Amino acid sequence: MISAASDISSPVGVIAGGGAMPFAVAESLSARGIAPVLFALRGACDPARVERFRHHWISVGQLGRATKLFRSEGCRDLIFIGTLLRPALSEIRLDWGTIRVLGRVWAAFRGGDDHLLSGIGRILEQDGFRMVGIRDVAPDILMPEGSIARATPDSAAAADIAKGREVLGALGPFDIGQAVVVIDGHVVAVEDIEGTDGLLARVARLREAGRIRAKSGRGVLVKAPKSSQDLRFDLPAVGAKTIEGAARAGLAGIAVIAGHTIAADSQAMIEAADRAGLFIQGLSA
């Protein structure tokens, strides 16, 4: 994918799901003099926080309404950002714009999350819009390379990181998840539909149940985009909550791919890591 960062046009349409990421992107755009317009997804986007920005509410399945709003606001460039629970097709209230491309929407749903997002993105691009990524519109919220907390990985953690990257590379084509926990060379948990927070909670429960015998303070959460992933969509994300989950899971730290992982509130994340004595490592792509 060729970067669009050099010719991003204002305003940028931010298709906003749940969590803090849509607002971090909007703030980053505003700081650079680019106007954000948030298209808030009902049932996902925070209704209180979105009030700070110019916005419209849209529902999943309203492609016709959404494209009219994008055009009325002059948004050529669009970005998907934030969490969204995948709806069943039966739960989607279709408008005429969606019915018109229903075959392509159905094809997008027949796959993992990355397949779904990239499929919807292609539909919008065929309507004349341009899908852009975090690297294009808000590169300042991406993870840098190297250690950003006081703690650093030791040789055991480095070996676990290498094993984790190898596992994620093998799983990538199956569009399963973006994270794995490796402890002393053993793969103890792989991310699934429950997400990273659920993965870490599962590891904590396994420790409490005595299923993980390694002492606390060992093991690594490794996150990376899927090998076939369109990097404009669904990048891995970490934050203070991730660090807190890793601490409860008894891990030594987390390792993510620099430049391909969102770390919006990096200061809060670093402070949480320093309190817990965990490392945060940005890996070269």
Side-chain angles (χ1 to χ4, degrees), residues 19-21 83 113 141-172 176-209 211-227 229 234-266 268-285:
M21 294 301 113
T83 58
D113 289 345
I141 68 173
L142 292 172
M143 179 73 181
E145 191 168 341
S147 295
I148 64 170
R150 283 198 295 265
T152 57
D154 61 15
S155 58
D160 285 343
I161 292 169
K163 181 70 168 284
R165 294 193 70 169
E166 183 181 356
V167 170
L168 291 174
L171 291 176
I176 294 173
Q178 299 175 311
V180 63
V181 171
V182 182
I183 303 176
D184 292 340
H186 300 288
V187 178
V188 299
V190 175
E191 184 183 56
D192 56 19
I193 196 169
E194 65 190 348
T196 303
D197 293 339
L199 165 68
L200 292 170
R202 179 158 34 107
V203 173
R205 290 194 300 271
L206 290 170
R207 278 197 185 276
E208 291 170 2
R211 298 294 300 275
I212 296 174
R213 300 300 182 91
K215 66 181 181 179
S216 184
R218 299 186 70 83
V220 183
L221 170 73
V222 184
K223 294 194 72 167
K226 300 157 194 169
S227 56
Q229 183 170 336
D234 195 27
L235 282 184
V238 292
K241 189 175 181 181
T242 314
I243 297 299
E244 292 161 4
R248 286 192 295 270
L251 302 182
I254 71 171
V256 300
I257 307 301
H260 297 317
T261 305
I262 300 169
D265 194 350
S266 58
M269 184 171 63
I270 292 168
E271 290 171 0
D274 287 344
R275 285 194 301 270
L278 272 64
F279 65 77
I280 305 172
Q281 188 75 12
L283 309 172
S284 61

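The structure presented is a predicted model; accordingly, all values stated were derived computationally and were not measured.
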The side-chain contact (heavy atoms from CB on, under 4.5 Å) partners of R211 (sequence neighbours excluded) come to L206, A209

side-chain contact (heavy atoms from CB on, under 4.5 Å) with A151: which residues, sequence neighbours excluded?
F279

Sorted by chain and number, sequence neighbours left out, side chain to side chain donor-acceptor pair (under 3.5 Å) with S147 holds for Q281

Write down the atom of L221, the atom of A179, and the distance for their closest heavy-atom approach.
CD1-CB, 3.9 Å

Considering residues at least two apart in sequence or located in another chain, which fulfil the salt bridge (Lys or Arg N to Asp or Glu O under 4.0 Å) criterion with D197?
K241

Are side-chain heavy atoms of M269 and T242 found at a separation under 4.5 Å?
no

In residues 252-263, what donor-acceptor pairs under 3.5 Å come from side-chain atoms, sequence neighbours left out?
residue: T261; atom: OG1; partner: I257; partner atom: N; Å: 3.4
residue: T261; atom: OG1; partner: I257; partner atom: O; Å: 2.9

Shortest non-hydrogen pair, L235 vs P225, comes out as CD2-CG, 4.4 Å

Non-neighbouring partners of E194 that pass salt bridge (Lys or Arg N to Asp or Glu O under 4.0 Å), sequence neighbours left out
R202

Applying side-chain contact (heavy atoms from CB on, under 4.5 Å), run through I280 and M143 and close with a yes or a no.
CA-CA 10 Å; I280 305 172; M143 179 73 181; 3.4 Å; yes

Please give me the minimum heavy-atom distance between A189 and L199, naming the atom from each residue.
CB-CD1, 3.2 Å

R150: which residues meet the salt bridge (Lys or Arg N to Asp or Glu O under 4.0 Å) condition with it, sequence neighbours left out?
D274

Which salt bridge (Lys or Arg N to Asp or Glu O under 4.0 Å) pairs, counting each pair once, include a residue from residues 244-266, with sequence neighbours left out?
none

Name all residues meeting the side-chain contact (heavy atoms from CB on, under 4.5 Å) criterion together with L171; count only those two or more places apart in sequence or in a different chain, and write none if there are none.
V167, I176, V190

Going by atom type alone, with no hydrogens or angles, which donor-acceptor pairs under 3.5 Å involve a side-chain atom of residues 156-166 and a protein atom two or more places apart or on another chain?
residue: D160; atom: OD1; partner: D184; partner atom: N; Å: 3.3
residue: D160; atom: OD1; partner: G185; partner atom: N; Å: 2.7
residue: D160; atom: OD2; partner: D184; partner atom: N; Å: 3.0
residue: K163; atom: NZ; partner: G185; partner atom: O; Å: 2.8
residue: R165; atom: NH1; partner: S284; partner atom: O; Å: 3.1
residue: R165; atom: NH2; partner: S284; partner atom: O; Å: 3.2

How many angstroms lie between CG in L251 and CD1 in I183, if you round to the nearest 0.5 Å?
5.5 Å

Under the 3.5 angstrom rule, does the side chain of R207 hit a backbone N or O of A249 as a donor-acceptor pair?
yes

Kindly write out the residues that satisfy side chain to side chain donor-acceptor pair (under 3.5 Å) with T196, not counting sequence neighbours, or none if the list is empty.
E191, K223

Non-neighbouring partners of E271 that pass side chain to side chain donor-acceptor pair (under 3.5 Å), sequence neighbours left out:
Q267

